Amino acid sequence: MFDARYSIRTHVAGALRAANVGETVTLAGWVHRRRDHGGLVFIDVRDRSGLVQCVFDPDASGAAFVTAERVRPEWVVKLNGTVRPRPEGTVNTNLATGEVEVIITSAEVLNSSETPPFEIDSALDTDETLRLKYRYIDIRRPEVMETFLLRDRVTQRFRKSLEHRGFLEIETPILGKSTPEGARDFIVPSRLSPGEFYALPQSPQLFKQLLMVGGVERYYQVARCFRDEDLRADRQPEFTQIDIEMSFITQDDILGMMEEVMREVMHEAGVDLKTPLPRLTYADAMDRYGSDRPDTRFAMELVSLSENFATSEFKVFAGALSSGGAIKGINAKSAGDWSRSKIDALNQVALDAGAKGLAWVAFPTEGDVRSPIAKFFSDAEMSGLREAMMVEPGDLVLMIADAKDVANEVLGTLRLKMAEELAIARDGFETLWVVDFPLFKWDAEEKRYDANHHPFTRPFDEHLDRIPADPAGALSYSYDLVMNGLEIGGGTLRIHDAALQRSVLGVLGIEAEEADAQFGFLLEALSLGAPPHGGIALGLDRLIMLLAGKHSIRDVIAFPKTSSGSCPLTGAPGPVSQRQLRDVHLRTD
RNA sequence: GGGGGUGUAGCUCAGUUGGUUAGAGCGCUGGCCUGUCAAGCCAGAGGUCGCGGGUUCGAGCCCCGUCACUCCCGCCA
């Protein structure tokens with residue numbers, strides 16, 4: 001609760017109401033805006049709680065009036081006065097405090113301010129770099145402040161919901177050990193061990209598993225994570241996870257528990273989350289949406305057309321099918337009148353996404369068909385296409401014929417592209433689980449298997465026999481939480497058997513000797529009474545971003561980095577002295 | 001590493017086919033003003049057109065390079 005306790009004021013500005021009329025108050029805050037009428041001055045005084053109009057009238061206090069003429073926006077002031085109702089006709093309904101005003105009897109300037117580099121109270125969309133350079137001023141803007149109030153509420157709700165369910169908040173090291181796989185590590189040189197380095201954690205993954213071996217059973221942490229990769233609108237080099245791990249559970253246990261927690265958290269943010277959440281297998285997600293994090297706020301699902309074109313004369317289609325591929329399509333409603341050049345641009349999108357080409361049929365009006373390839377289709381194929389795609393006049397059908405994975409992925413990209421181009425309404429918070437990910441994914445370039453989630457993911461019990469022989473066929477106890485097409489969380493049940501863990505590491509090309517060197521401590525822990533366990537990590541920043549309706553993760557981080565990883569405010573990263581380098585046994589060119 | 005976009009007053013932006021002294025709104029400074037709340041009116045100050053080079057009689061505008069920011073691809077177990 002934010003109020004006037006423990007401060008030099010008696011009230012906070014934003015809390016004053018008609019009920020306070022007649023009270024003598026002391027306020028402290030910033031000059032938000034000043035309206036000088038010559039013989040009468042209005043100053044809106046702002047603190048974290050909001051703002052209230054203060055009136056400076058020479059009849060009430062000549063000294064205060066003189067002060068009011070002198071102060072400027074963002075000066076810091078302490079004011080004494082009396083709350084009174086606003087005169088008839090001057091109530092401001094746009095303001096929570098708009099029914100009242102404070103007639104000031106004495107004023108003290110606590111600090112002056114230079115003219116701010118940008119206006120706090122402005123509708124103008126200020127350059128983001130400038131906002132970040134003066135973030136402390138930016139944060140004074142009510143809209144920005146509101147975001148951090150929301151972030152606080154959501155974070156506290158996570159803590160409460162998890163505490164109520166028996167989770168212990170435990171901190172894990174920031175200075176850790178670099179391990180192979182995963183993202184690039186941020187590394188920290190060691191002064192006491194010349195030539196050796198700590199790594200900042202990409203996540204507390206191994207430590208939380210060790211806590212399970214330690215009998216903690218239910219753990220959580222608001223954990224800062226570090227990954228030295230390129231930035232995006234939704235990616236920062238350091239970010240925060242709500243990190244969770246539980247013992248003696250099934251996958252249903254943790255999904256059900258998380259649904260309850262998420263419902264409570266979303267409720268805190270004013271969103272009614274319907275549970276149980278839909279669950280989509282990875283295979284179905286790819287098949288229907290061409291994405292493992294489908295945006296389910298709109299349909300435009302992928303439809304298989306392989307059967308319809310099974311005997312097609314069209315070489316591209318026949319070729320794709322004969323080599324074991326698929327023909328799939330999406331129906332972009334109301335794009336049937338798109339020009340050739342706009343469709344050519346879509347073709348380029350398809351090419352960039354890995355397709356060999358884009359097949360399309362436009363149905364601009366009833367009975368009218370426009371397409372460079374329709375002439376290869378039989379009447380039966382054309383009517384089958386109309387039926388399968390549920391074509392109406394005005395539609396544009398986009399088709400990809402390729403290996404099934406390629407067709408899915410390209411159409412998934414086109415689906416999102418078309419939703420954007422057609423400005424399809426995407427409202428609400430469509431949330432679902434994507435489950436049953438393959439344990440491994442094949443890296444064609446490196447010609448080896450990678451862990452899909454991470455190397456500690458537990459395979460389906462019934463797929464254990466596939467591990468050495470047919471790794472690609474093994475599915476895993478794994479789950480991503482997807483909201484509005486963004487992955488906001490992911491987790492797995494873990495391997496708790498040392499032999500199985502060695503076997504999985506082996507598939508990843510990490511043989512016994514290296515496994516012992518890199519993960520010996522984990523393998524040893526697994527052999528010393530590790531309970532079955534599993535967990536999940538939620539991307540707190542992304543979740544807040546969605547809840548706040550922001551388009552960048554930077555908007556919900558107090559002091560974020562620019563896309564080149566620098567901090568406009570402090571100038572980090574920066575050089576260090578030769579002495580500091582010598583201390584940690586480093587030389588630079 | 002690759003592709004797209006942006007960079008002009010403190011802020012947000014305009015700036016025509018390359019042509020005289022680079023403009024507007026907001027903010028700022030000063031003046032007037034006792035019921036405003038984006039207060040109003042009057043006046044004023046304020047410019048390394050991101051930076052460097054080039055073409056040209058002449059460059060904010062064209063060319064080359066470079067920097068910063070931003071979006072995307074790669075990358076992100």
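What you see is a predicted model, and the numbers here were worked out from it, not measured in a lab. Here is how names work: the chains are called A, B, and so on, in the same order as the sequence lines, proteins then strands, and each is numbered from 1.
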Closest-nucleotide 5' rank along RNA chain B - winner of A:R34 and A:D352: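 This one resolves to A:R34.
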message: Let me spell it out: for each of A:P116 and A:L95, pick the nucleotide of RNA chain B with the closest heavy atom. Which residue's pick is nearer the 5' end?
response: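 Going by which nucleotide is closer to the 5' end, it is A:P116.
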query: If you look at every heavy atom in A:V434 and A:P294, which pair is closest and at what distance?
result: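 Distance-wise, the nearest heavy atoms are CG2-CD, 4.0 Å.
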message: For a quick test of reading the model, state the closest non-hydrogen atom pair linking A:I495 to A:L526 and the distance between them.
response: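 It is O-CD2, 3.7 Å.
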If I take atom [atom1] in residue [X] and atom [atom2] in nucleotide [N], what distance separates them, rounded to the nearest angstrom?
{"X": "A:D138", "N": "B:C11", "atom1": "CG", "atom2": "P", "result": "14 Å"}
{"X": "A:L231", "N": "B:C69", "atom1": "CG", "atom2": "P", "result": "10 Å"}
{"X": "A:E128", "N": "B:C11", "atom1": "CD", "atom2": "C1'", "result": "16 Å"}
{"X": "A:K417", "N": "B:C73", "atom1": "NZ", "atom2": "P", "result": "12 Å"}
{"X": "A:E99", "N": "B:G35", "atom1": "CD", "atom2": "P", "result": "22 Å"}
{"X": "A:I120", "N": "B:C26", "atom1": "CD1", "atom2": "C1'", "result": "14 Å"}
{"X": "A:I137", "N": "B:G10", "atom1": "CD1", "atom2": "C1'", "result": "12 Å"}
{"X": "A:L486", "N": "B:C76", "atom1": "CG", "atom2": "P", "result": "18 Å"}

message: Does the Lys NZ or Arg CZ of A:R494 fall within the cation-pi geometry relative to A:Y477 - under 6.0 Å from the ring centre and within 45° of the axis?
response: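 No, A:R494 does not lie over the aromatic ring of A:Y477.
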[N] and [M]: how far apart are their [atom1] atoms, nearest whole angstrom?
{"N": "B:G60", "M": "B:U56", "atom1": "C1'", "value": "16 Å"}
{"N": "B:C64", "M": "B:C69", "atom1": "P", "value": "23 Å"}
{"N": "B:G23", "M": "B:C61", "atom1": "C1'", "value": "15 Å"}
{"N": "B:G27", "M": "B:G1", "atom1": "P", "value": "44 Å"}
{"N": "B:G40", "M": "B:G35", "atom1": "C1'", "value": "13 Å"}
{"N": "B:U8", "M": "B:C13", "atom1": "P", "value": "9 Å"}
{"N": "B:A9", "M": "B:U29", "atom1": "C1'", "value": "15 Å"}
{"N": "B:U70", "M": "B:C62", "atom1": "C1'", "value": "25 Å"}

Quick check: do [X] and [Y] have side-chain heavy atoms less than 4.5 Å from each other?
{"X": "A:E421", "Y": "A:W338", "answer": "yes"}
{"X": "A:P201", "Y": "A:F226", "answer": "yes"}
{"X": "A:V52", "Y": "A:D44", "answer": "no"}

message: Is the distance between the ring centroids of A:F437 and A:Y479 under 6.0 Å?
response: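 Ring centroids of A:Y479 and A:F437 are no less than 6.0 Å from each other.
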task: Scan for side-chain hydrogen bond (donor to acceptor under 3.5 Å, both in side chains) pairs involving residues 60-75 of chain A, sequence neighbours excluded, and state none if there are none.
output: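 The answer is A:R46-A:E74, A:E74-A:R140.
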Using a 4.0 Å heavy-atom cut-off across all strands, classify [X] as base, sugar-phosphate, or nothing.
{"X": "A:Q205", "answer": "base"}
{"X": "A:L130", "answer": "sugar-phosphate"}
{"X": "A:T562", "answer": "sugar-phosphate"}
{"X": "A:S563", "answer": "base"}
{"X": "A:P73", "answer": "sugar-phosphate"}
{"X": "A:D36", "answer": "base"}
{"X": "A:T457", "answer": "nothing"}
{"X": "A:D450", "answer": "nothing"}
{"X": "A:P87", "answer": "base"}
{"X": "A:R131", "answer": "nothing"}
{"X": "A:R84", "answer": "base"}

task: Counting heavy atoms from C-beta on, name the nucleotide in B:G35, B:U34, B:C26 closest to the side chain of A:E119.
output: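 The closest nucleotide is B:C26.
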Listed nucleotide nearest any side-chain atom of A:A233, set B:C75, B:C72, B:C11: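 My answer, after comparing the listed nucleotides, is B:C72.
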query: Between A:D480 and A:Y282, is any side-chain donor less than 3.5 angstrom from a side-chain acceptor?
result: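 No, no side-chain donor-acceptor pair sits under 3.5 Å.
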message: Pairing donors with acceptors under 3.5 angstrom, does anything connect the side chains of A:T105 and A:N80?
response: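 There is no such pair (donor and acceptor under 3.5 Å, judged by atom type) between the side chains of A:T105 and A:N80.
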Should [X] be listed as having a side-chain N or O under 4.0 Å from OP1 or OP2 of [N]?
{"X": "A:T115", "N": "B:G10", "answer": "no"}
{"X": "A:R70", "N": "B:U29", "answer": "no"}
{"X": "A:R35", "N": "B:A38", "answer": "no"}
{"X": "A:S566", "N": "B:C69", "answer": "yes"}
{"X": "A:R72", "N": "B:U29", "answer": "yes"}

task: Could you say whether the aromatic ring of A:F42 and the base of B:U36 stack, counting only centre distances under 5.5 Å and plane angles under 30°?
output: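 Ring-base stacking flag set for A:F42 and B:U36.
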- request: Verify the stacking flag for A:H37 against B:G35: centroid separation must be under 5.5 angstrom and the ring planes must differ by under 30 degrees.
  value: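 Stacking is absent between B:G35 and A:H37, given that the ring centres and planes do not meet under 5.5 Å and under 30°.
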- request: Provide the Watson-Crick or G-U wobble partner of B:U36, both distances under 3.5 Å; none if there is no partner.
  value: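 No nucleotide pairs with B:U36.
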task: Just name whichever nucleotide pairs with B:G65, Watson-Crick or G-U, keeping both distances under 3.5 Å, else none.
output: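 Matched B:G65 with B:C51 under the 3.5 Å cut-off.
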Can you tell me whether the side chain of [X] and the base of [N] have a donor-acceptor pair closer than 3.5 Å?
{"X": "A:N92", "N": "B:C37", "answer": "yes"}
{"X": "A:D127", "N": "B:G7", "answer": "no"}
{"X": "A:R227", "N": "B:C76", "answer": "no"}

message: Any residue in residues 493-507 of chain A with a heavy atom nearer than 4.0 angstrom to RNA chain B? Just list them by number, or reply none.
response: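 None, since no heavy atom is under 4.0 Å.
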message: Can you classify the ring geometry of A:F456 versus A:H454 as parallel (below 30°), tilted (30 to 60°) or perpendicular (above 60°)?
response: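 Taking A:H454 first and then A:F456, their aromatic rings sit tilted (interplane angle of 30° to 60°).
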